[in-house]
Amino acid sequence: MKTSSKTLSSFLSAAVWADGEYDEFEKEFVAQVGEILEVKTLCSDLESAIKATEKMTEDELSSCLEEAAKQVDPEEKEGVLTLCLQMMCADAFLANDEVENFFAFAEILGVDESTASSILDEFVDEEEDLIIEE
């Protein structure tokens, strides 16, 4: 992955921020992603990013993500968006506010709404055990 672990962690911490808790499901997911992407510092970078963002206002977090988005490799924007979605769904539950955050992440990353909708639809179709808030 060309995008740095710290940049990716900014987005993943915002995905954690969506439900306010960095739980065991999310920790396990991040460990797996770190192994797959061969990024040994992902877990520690994410923990640092969570600490940095946990006291931010929504506007401060948006500004932080806008800066981080500038550092995302253009070819990896959809991948980063997908990782955010996977992080939000690590607990097998997708809340309405998480869907809103997903589309906000897409906008910040410069992923058009139709592409983001396709990513979300495909993910929901593939995840058999996913519970979606009505």
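- Phe105 has its side chain out of reach of Leu85: every pair of non-hydrogen atoms, C-beta onward, lies at least 4.5 Å apart.
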Under 3.5 Å donor-acceptor pairs involving side-chain atoms of residues 28-36, not counting sequence neighbours:
none

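- Residues that satisfy the side chain to side chain contact (heavy atoms under 4.5 Å, CB included) test with Thr41, not counting sequence neighbours, are Ser5, Val39, Ser44, Asp45.
- Heavy-atom neighbours of Glu133 CD from other residues, nucleotides or ligands within 6.0 Å: above the threshold of 12.
- Applying the side chain to side chain contact (heavy atoms under 4.5 Å, CB included) rule to Ile131 yields the partners Phe93; only residues at least two apart in sequence or on another chain are considered.
- Atom CD of Glu76 is surrounded by more than 12 heavy atoms from other residues, nucleotides or ligands within 6.0 Å.
- Formation of a donor-acceptor pair under 3.5 Å by the Ser10 side chain with backbone atoms of Leu65 is not found in this model.
- A side-chain donor-acceptor contact under 3.5 Å links Glu26 to the backbone of Asp23.
- Glu126 CD to Asp121 CG: the interatomic distance, rounded to the nearest 0.5 Å, is 11.0 Å.
- A pairwise comparison of heavy atoms in Ala15 and Met87 identifies CB-CG, 3.8 Å as the closest pair.
- Looking at residues two or more places apart in sequence or on another chain, you find no salt bridge (charged side-chain N to carboxylate O under 4.0 Å, His left out) involving Glu128.
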Requested in this report: Carefully, step by step, assess Cys89 and Glu127 under the rule side chain to side chain contact (heavy atoms under 4.5 Å, CB included).
Outcome: CA-CA 9 Å; Cys89 295; Glu127 293 297 313; over 6 Å; no

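- Atoms CD and CD, on Glu113 and Glu107 in that order, are 8.5 Å from each other to the nearest 0.5 Å.
- Pairing each heavy atom of Phe25 with each of Ala90, the nearest pair is CB-O, 3.3 Å.
- Each of Ile119, Leu83, Leu109 was scored for a side-chain contact (heavy atoms from CB on, under 4.5 Å) with Glu78, with one residue passing: Ile119.
- For Lys27, the NZ atom is densely surrounded, since the number of other residues' heavy atoms within 6.0 Å is greater than 12.
- Contacts of Lys40 classified as salt bridge (charged side-chain N to carboxylate O under 4.0 Å, His left out), with partners at least two apart in sequence or in another chain: none.
- Atoms CG and CZ, on Leu94 and Phe102 in that order, are 9.5 Å from each other to the nearest 0.5 Å.
- Distance check, rounded to the nearest 0.5 Å: CD of Glu58 to OG of Ser63 gives 11.0 Å.
- Across all their heavy atoms, Leu81 and Ala116 have their closest contact at CD2-CB, 4.1 Å.
- Nearest heavy atoms, Asp73 versus Thr3: N-OG1, 2.9 Å.
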Going through the checks in order, is the side chain to side chain contact (heavy atoms under 4.5 Å, CB included) test met by Leu120 and Val124?
CA-CA 6 Å; Leu120 179 61; Val124 167; 4.1 Å; yes

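- In terms of heavy atoms, Thr7 sits closest to Val72 at CG2-CG2, 3.6 Å.
- Across all non-hydrogen atoms, the minimal contact from Leu46 to Ser13 is CD1-N, 3.4 Å.
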* **Working for side chain to side chain contact (heavy atoms under 4.5 Å, CB included), residues Ile108 and Phe11** => CA-CA 10 Å; Ile108 289 169; Phe11 280 93; 4.2 Å; yes

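- Checked against side chain to side chain contact (heavy atoms under 4.5 Å, CB included), Asp112 has the following partners two or more places apart in sequence or in another chain: Ser114, Thr115.
- Salt bridge status for Lys70 with Glu67: present, with a side-chain N to carboxylate O gap under 4.0 Å.
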